[in-house]
Enquirer: 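Here it is: the structure, laid out below.
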Amino acid sequence: MGEDGPVTAPRTAPRLIATDLDGTLLCSGGTVTDRTAAALAAAEAAGVQVVFVTGRPPRWMQQVSPHIGGHGVAICSNGGAVVDVRRGELLETFPLPVETTLAVVEALRAKLPGTAFAFEYPGGWAREAGYAVPMWGDQLEVEVGTAEELLGAGGPVRGLFKLLAKHPDLEPDKFLAEARDAAGHLAEITRSAAIPLLEISAPGVTKASTLARWCAGRGIDRSEVVAFGDMPNDLEMLAWAGTAYAVANAHPQVLAAVPLHTVSNEQDGVAAVLEQLLGLADPPRTGPEPA
């Protein structure tokens, strides 16, 4: 559908909203608009839990903490970590074993020369020298070395919950396909960035697996969940949720896989659906667009 296409919402409000952040809930500046903030607050006031389910590491969550809801918890690193954002406390992690991590590194180095790696773990993050530092204060880290040095007996990385792999020039979808061919049997490999950057989790650890665990602990059935996303790392979550939406700016693979679409993140696509769910907006258009 086009950027201004209709928004269709379920007939009844869900018990839980699960939303990705970058490219989905947040606008291009990485911020929450006033309209989206009001919709999130209205959902919480109506008793609907809102859980952010993101590829971001825990250290990148403070800017959205005012909007995180009464529980204060987010699922980060594509399901690899559950964090109490307000308290800055890791509640649960699902780590990659060292031997598995090194096997993935070896496989990707062999198939895709030039790939460099970075490591998210409870104590912070570390990187190889060839891993370019992109944004958001990552230049402040101090641990630099080879994967073998960082993960070895004397290295700082313990409890790794997300491995990052970056290539200098491969097309992002090709990088993902080639990496899955080389190491997809060892770990979960996905992507969410516009650059050739892969996000790698322990086998079976995805946004969907950790969200399902969160919901089960609160007696929430998947049929009571509405999820939103835009990139390949959202696909498992969108398939698991009882109702799922792709924002209009989503990756073509996501738009093809998810029947329900809302308007883009720049047009407050998540808020548009929440307003319908909560009765805060006029009923959605279901007929053809006006001429």
Side-chain angles (χ1 to χ4, degrees), residues 18-26 30 51-65 68 71-98 100-101 104-105 108 117-128 131 133-138 140-141 143 147 150-151 156-166 176 179 183-184 186-193 195 197-215 227-238 240:
T19 180
D20 173 55
L21 291 176
D22 298 287
T24 300
L25 185 80
L26 306 182
V51 177
F52 297 154
V53 189
T54 178
R56 288 187 178 206
R59 59 197 170 85
W60 284 359
M61 292 300 295
Q62 286 306 314
Q63 74 181 110
V64 296
S65 63
I68 204 160
H71 52 78
V73 172
I75 295 170
C76 296
S77 298
N78 294 328
V82 181
V83 60
D84 185 318
V85 175
R86 294 201 187 95
R87 296 166 63 183
E89 178 183 350
L90 276 175
L91 302 179
E92 194 170 21
T93 64
F94 302 94
L96 270 157
V98 171
T100 300
T101 306
V104 171
V105 168
L108 295 188
F117 299 91
F119 312 87
E120 297 281 358
Y121 61 103
W125 88 292
R127 65 178 176 89
E128 293 191 314
Y131 185 97
V133 179
M135 59 180 181
W136 291 351
D138 282 351
L140 300 178
E141 52 72 34
E143 302 291 354
L150 294 167
L151 293 162
V157 178
R158 294 290 179 270
L160 176 74
F161 50 75
K162 186 176 179 182
L163 173 66
L164 298 163
K166 184 181 288 187
L176 176 58
L186 298 170
E188 302 294 335
I189 305 176
T190 190
R191 59 170 289 254
S192 64
I195 62 175
L197 174 64
L198 303 180
E199 304 164 50
I200 303 167
S201 304
V205 175
T206 66
K207 288 187 175 187
S209 67
T210 304
L211 177 61
R213 183 181 177 93
W214 167 271
C215 290
F228 298 85
D230 75 311
M231 288 296 281
N233 66 326
D234 295 313
L235 283 168
E236 292 88 354
M237 176 178 72
L238 296 173
W240 178 83

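One-based numbering along the sequence shown.
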Enquirer: Ala183 and Val104: which non-hydrogen atoms are nearest, and at how many Å?
Expert: CB-CG1, 4.2 Å

Enquirer: Roughly how far, to the nearest 0.5 Å, is CD of Glu92 from CD1 of Ile75?
Expert: 9.5 Å

Enquirer: Ile200 and side-chain contact (heavy atoms from CB on, under 4.5 Å): which partner among Leu108, Val105, Leu164?
Expert: Leu108

Enquirer: Are the side chains of Ser192 and Asp22 in contact, using a 4.5 Å heavy-atom criterion?
Expert: no

Enquirer: How far apart are the C-alpha atoms of Leu25 and Phe228, what are their side-chain angles, what is the distance that settles it, and do they pass the side chain to side chain contact (heavy atoms under 4.5 Å, CB included) test?
Expert: CA-CA 8 Å; Leu25 185 80; Phe228 298 85; over 6 Å; no

Enquirer: List the steps and the verdict of side chain to side chain contact (heavy atoms under 4.5 Å, CB included) for Met231 and Asp20.
Expert: CA-CA 9 Å; Met231 288 296 281; Asp20 173 55; 5.9 Å; no

Enquirer: Under the salt bridge (charged side-chain N to carboxylate O under 4.0 Å, His left out) test against Glu199, which residue among Lys162, Lys207, Arg191, Lys166 passes?
Expert: Lys162

Enquirer: Does Ala202 have any side chain to side chain contact (heavy atoms under 4.5 Å, CB included) partners at least two apart in sequence or in another chain, and if so, which?
Expert: Leu96, Val205

Enquirer: Going through the distances and angles, do Phe161 and Leu90 end up as a side chain to side chain contact (heavy atoms under 4.5 Å, CB included)?
Expert: CA-CA 11 Å; Phe161 50 75; Leu90 276 175; 4.1 Å; yes

Enquirer: Nearest 0.5 Å, please: how far is CG in Leu21 from CG in Leu26?
Expert: 5.0 Å

Enquirer: Rounded to the nearest 0.5 Å, what separates atom CZ in Arg127 from atom CG in Leu150?
Expert: 10.0 Å

Enquirer: Please determine whether the number of non-hydrogen atoms from other residues, nucleotides or ligands lying under 6.0 Å from atom CZ of Arg158 exceeds 12.
Expert: yes

Enquirer: Using side-chain heavy atoms (C-beta onward) and a distance below 4.5 Å, is Asn78 in contact with Glu188?
Expert: no

Enquirer: Of all the heavy-atom pairs spanning Val53 and Ala18, show the shortest one and how long it is.
Expert: CG2-CB, 4.0 Å

Enquirer: Taking ring-ring contact (aromatic ring centres under 6.0 Å, His included) as the test, write out the residues that go with Trp214, two or more places apart.
Expert: His71

Enquirer: Please test Ile189 against Leu176 for side chain to side chain contact (heavy atoms under 4.5 Å, CB included), starting from the C-alpha separation and ending with a verdict.
Expert: CA-CA 7 Å; Ile189 305 176; Leu176 176 58; 3.9 Å; yes

Enquirer: Would you say the side chain of Tyr121 lies within less than 4.5 Å of the side chain of Pro95, judging by non-hydrogen atoms?
Expert: no

Enquirer: Just how far is it from atom CH2 of Trp125 to atom CD of Glu143, taken to the nearest 0.5 Å?
Expert: 11.5 Å

Enquirer: When you compare the side chain of Ser201 with that of Ser77, does any pair of heavy atoms fall below 4.5 Å?
Expert: no

Enquirer: So which heavy atom on Gly79 is nearest to which on Phe94, and how close?
Expert: O-CD1, 3.3 Å

Enquirer: Pick out which of Val83, Asp84, Val85 makes a side-chain contact (heavy atoms from CB on, under 4.5 Å) with Arg87.
Expert: Asp84

Enquirer: Which atom pair, heavy atoms only, marks the closest approach of Leu160 to Val157?
Expert: CB-CG1, 4.0 Å

Enquirer: Applying side chain to side chain contact (heavy atoms under 4.5 Å, CB included), name anything that partners Ala193, two or more places apart in sequence or on another chain.
Expert: Ile195, Leu197

Enquirer: At their closest point, which heavy atom of Pro122 faces which heavy atom of Gly159, and how far apart are they?
Expert: CD-O, 3.3 Å

Enquirer: Looking at every non-hydrogen atom in both residues, tell me the closest pair between Leu198 and Ala179 and how far apart they are.
Expert: CD1-CB, 3.2 Å

